[in-house]
2 protein chains.
Amino acid sequence: MSAAIQADTHPFVRKIETVALFDLSLAEREALSTLPVQVTRFDAHQDVVKEFDRPTRCFAVLSGLAATYKTTPEGRRQVMAYHVPGDVPDFQSLHLEVLDFSISAVTDLSIGFVPHGALRTMFEDHPRLAGAFWRTTLIEGSLAREWALNNSRREAYPRMAHLFCELMVRLDAVGLVQEDSFALPLTQYELGDALGITSVHVNRVLKELRDSGLITLSGGRLTVHDVAALRTVAEFDPTYLHLRRNDSRR
Amino acid sequence: MSAAIQADTHPFVRKIETVALFDLSLAEREALSTLPVQVTRFDAHQDVVKEFDRPTRCFAVLSGLAATYKTTPEGRRQVMAYHVPGDVPDFQSLHLEVLDFSISAVTDLSIGFVPHGALRTMFEDHPRLAGAFWRTTLIEGSLAREWALNNSRREAYPRMAHLFCELMVRLDAVGLVQEDSFALPLTQYELGDALGITSVHVNRVLKELRDSGLITLSGGRLTVHDVAALRTVAEFDPTYLHLRRNDSRR
DNA sequence: CGTCGCTTTGATGCGTCTCAAGCTTCGTGG
DNA sequence: CCACGAAGCTTGAGACGCATCAAAGCGACG
């Protein structure tokens, strides 16, 4: 998955511009773009942060794909969310001392770390920005609930369709979808971790979706042949993503 | 379920006192306790707010039990969280225009509504309080993720044990547990809605838990006979609840 | 004292898991 | 440039967990 965030724009400015319900003032834009960012690369399959960590900084995904996941003590793994470029997935560490999930690099990853202290200072001076970031964390909660519904109340076939619909909309919103096709660098085993099924069953369901003519997935790229039909199968309603108007072309 | 919130304390003061990581200043306490509250009663099974609503106020549960739930368009219902007295379950409406879930009264319910405007004014004057309420919404997100893990990665028997462990800890934190026993006014059908299984299967799992000597559930009251064993079965680790020290006696 | 909602139990079927084996792809070293 | 190994994909057979359908028991309340 290639970088989609312009190098000349501070990632937090980008994020807030796409999420906030107001236009940034000059002072706010200045405060955001002078936040200190430490850029770090991670290899695929590395953990960026781990459950029970006590982070002292938040981070934005600059390029690549990241995944929030939890595991039962018994070792069963569940991916809770994927993070696309521009996302700030561990903002909760600013207000909750200990992390209740891990975040790993699905692909090679470029990450921008911002110290908690700088964020707190910024929020004191610019309370509207605090509200905007609060909003981003609420949207993440909304995604978590939709995943809980999807994974416990839909069978594997519509469940997978739903995941593909969500990813398409979210990747499209950051310009990573071309002609109903986007990079999806997940193994079938990893897809199973997200959907709560085994890789064997992922394979069979994928075959069904392929045979229905809805999608093809190969070479780490998903192509949707019939967006409307896929949405119908998935019962997909994007309300829970809380996108603003025109964030998505679909 | 009887009221546990003292009538003479403003519910929002109560909530923040149990959640915030700092001691309230006099001004902050004053601001909270002068928030206008409109108390309203709901009968069991009524909806307090519905998915796609655009609320203009938040509310605190004063007494009774409430449930956040979503349904698929096909009609399958999933409870995402239970709310005990003191909780403020729809705080996200302050920052997200349209609700992505419904909240219903499980039992008869007493609710205190507070207008968004009053909250926004308070947050402008007292930014630390905004941080404290932000924290409460993050904790809800954490619960949603744990439920997603529980419902998709544990089988019905440990899954139910996990739900009981969570409810016991959270109800204990608000003083509603006596001698490892608490009110649990849910039908087996409703338990199925929370656990993602049918009421028939709830009945069989409940029987197993009873036969194991772990619990009894009758007359709307759950008694845990062996807390340690129930936790072991459930692989229960309360970290995700983000309680502060001494919030729970267990 | 009959009715209605809830609980309990049985029989059968479906969705997904588990185990197992063969196949494809691709990167690496000879 | 080919051989090989490792990782991932594909497919089959049988087992298991939970759903579904159905019916009978129980308890509370008018």
Side-chain angles (χ1 to χ4, degrees), chain A residues 43-46 65 72 74-79 105-108 150-163 183-212 215-223 233-234, chain B residues 43-45 71-72 74-78 105-108 150-163 183-212 215-223 233-234:
Chain A
D43 293 334
H45 309 121
Q46 265 188 300
L65 189 67
T72 66
E74 194 201 6
R76 301 174 72 91
R77 175 180 155 114
Q78 177 67 46
V79 169
V106 175
T107 62
D108 289 355
N150 194 40
N151 282 1
S152 72
R153 288 301 182 184
R154 280 193 262 263
E155 292 180 356
Y157 183 80
R159 191 187 301 178
M160 187 179 291
H162 194 280
L163 174 61
L184 189 68
L186 299 173
T187 65
Q188 295 184 356
Y189 189 93
E190 289 170 324
L191 268 176
D193 283 346
L195 296 168
I197 60 181
T198 60
S199 62
V200 172
H201 202 56
V202 166
N203 186 281
R204 298 196 224 267
V205 173
L206 223 31
K207 178 177 157 65
E208 272 188 83
L209 280 168
R210 210 184 312 117
D211 292 350
S212 306
I215 60 152
T216 53
L217 173 58
S218 71
R221 191 158 191 93
L222 181 78
T223 303
V233 164
Chain B
D43 293 335
H45 309 122
T71 53
T72 65
E74 195 201 3
R76 301 174 73 88
R77 174 182 156 112
Q78 176 66 47
V106 175
T107 62
D108 288 355
N150 194 40
N151 281 2
S152 70
R153 289 301 182 183
R154 280 193 262 263
E155 292 180 356
Y157 182 80
R159 191 187 301 178
M160 188 179 290
H162 195 279
L163 173 62
L184 188 68
L186 300 173
T187 65
Q188 295 183 358
Y189 190 92
E190 290 170 322
L191 267 176
D193 282 346
L195 295 169
I197 60 182
T198 60
S199 61
V200 172
H201 201 56
V202 166
N203 185 280
R204 298 196 223 268
V205 172
L206 224 32
K207 178 176 157 66
E208 271 188 83
L209 280 168
R210 209 185 312 115
D211 292 350
S212 307
I215 61 153
T216 54
L217 173 59
S218 71
R221 192 158 190 91
L222 181 77
T223 303
V233 163

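Below, all heavy atoms of this structure are taken into account, side chains as well, without hydrogens, waters or symmetry copies. Computed from a prediction, not measured in an experiment: that's the story for all the values here. Letters A, B, ... are given to chains in the order of the sequence lines, protein chains preceding strands, and every chain is numbered from 1.
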Would you mind reading off the distance between B/L184 atom CG and C/dC6 atom P, rounded to a whole angstrom? 15 Å
Do you know the tightest heavy-atom contact between B/A194 and B/L163? CB-CD2, 4.4 Å
So do B/T187 and B/E190 actually touch side chain to side chain, heavy atoms under 4.5 Å? yes
Between atom CD in A/E74 and atom P in C/dC17, what is the gap in whole Å? 14 Å
Using a 4.0 Å heavy-atom cut-off across all strands, classify A/G219 as base, sugar-phosphate, or nothing. nothing
For a quick test of reading the model, state the closest non-hydrogen atom pair linking A/V233 to A/P158 and the distance between them. O-CB, 3.3 Å
Of all the heavy-atom pairs spanning B/P185 and B/V106, show the shortest one and how long it is. O-CG1, 4.0 Å
Contacts under 3.5 Å, N or O only, protein and nucleotides 10-12 of chain D:
residue : atom : partner : partner atom : Å
D/dT10  : OP2  : A/Q188  : NE2          : 2.7
D/dT10  : OP2  : A/N203  : ND2          : 2.6
D/dT10  : O5'  : A/N203  : ND2          : 3.2
D/dG12  : N7   : A/R204  : NH1          : 3.2
D/dG12  : O6   : A/R204  : NH2          : 3.3

For B/T198, report the nucleic acid contact type (base, sugar-phosphate, nothing); a contact means any heavy atom under 4.0 Å. base
What is the distance, to the nearest angstrom, from the NE2 atom on B/H201 to the C1' atom on C/dT16? 14 Å
Without decimals, in angstroms, what is the distance between A/L186 CG and D/dC9 C1'? 15 Å
Under a 3.5 Å distance rule, please check whether A/R76 uses its side chain to pair with a backbone N or O of B/R153 as donor and acceptor. yes
Considering only heavy atoms from C-beta outward, does the side chain of B/H45 approach that of B/D43 to under 4.5 Å? no
Just how far, in rounded Å, is P of C/dT8 from CG of B/D211? 11 Å
What pair of heavy atoms forms the shortest contact from A/Y157 to A/L209, and how long is it? CE1-CD2, 3.6 Å
B/L195 CG - D/dA19 C1' separation (whole Å): 15 Å
For a 4.5 angstrom cut-off between non-hydrogen side-chain atoms, does B/I197 reach B/L191? no
State, to 0.1 Å, how close B/R159 and B/L195 come at their nearest heavy-atom pair, and which atoms those are. NH1-O, 2.5 Å
Any residue in residues 151-159 of chain A with a heavy atom nearer than 4.0 angstrom to DNA chain C? Just list them by number, or reply none. A/E155, A/A156
Whole Å only: how far is the CG atom of B/D193 from the P atom of C/dC6? 12 Å
Spacing between B/L191 atom CG and C/dC6 atom P, to the nearest angstrom: 13 Å
Keeping the roles fixed (side chain from A/S199, backbone from A/Q188), state whether a donor-acceptor pair exists under 3.5 Å. no
Nearest to the A/T187 side chain among C/dT18, D/dG8, D/dA19, which nucleotide is it? D/dG8
Within the structure provided, determine whether A/N151 and A/Q78 are in side-chain contact (heavy-atom separation under 4.5 Å). yes
Need the bend value for the helix from C/dC1-D/dG30 to C/dG30-D/dC1: angle between end axes, 5 pairs each end, nearest 10°. 30°
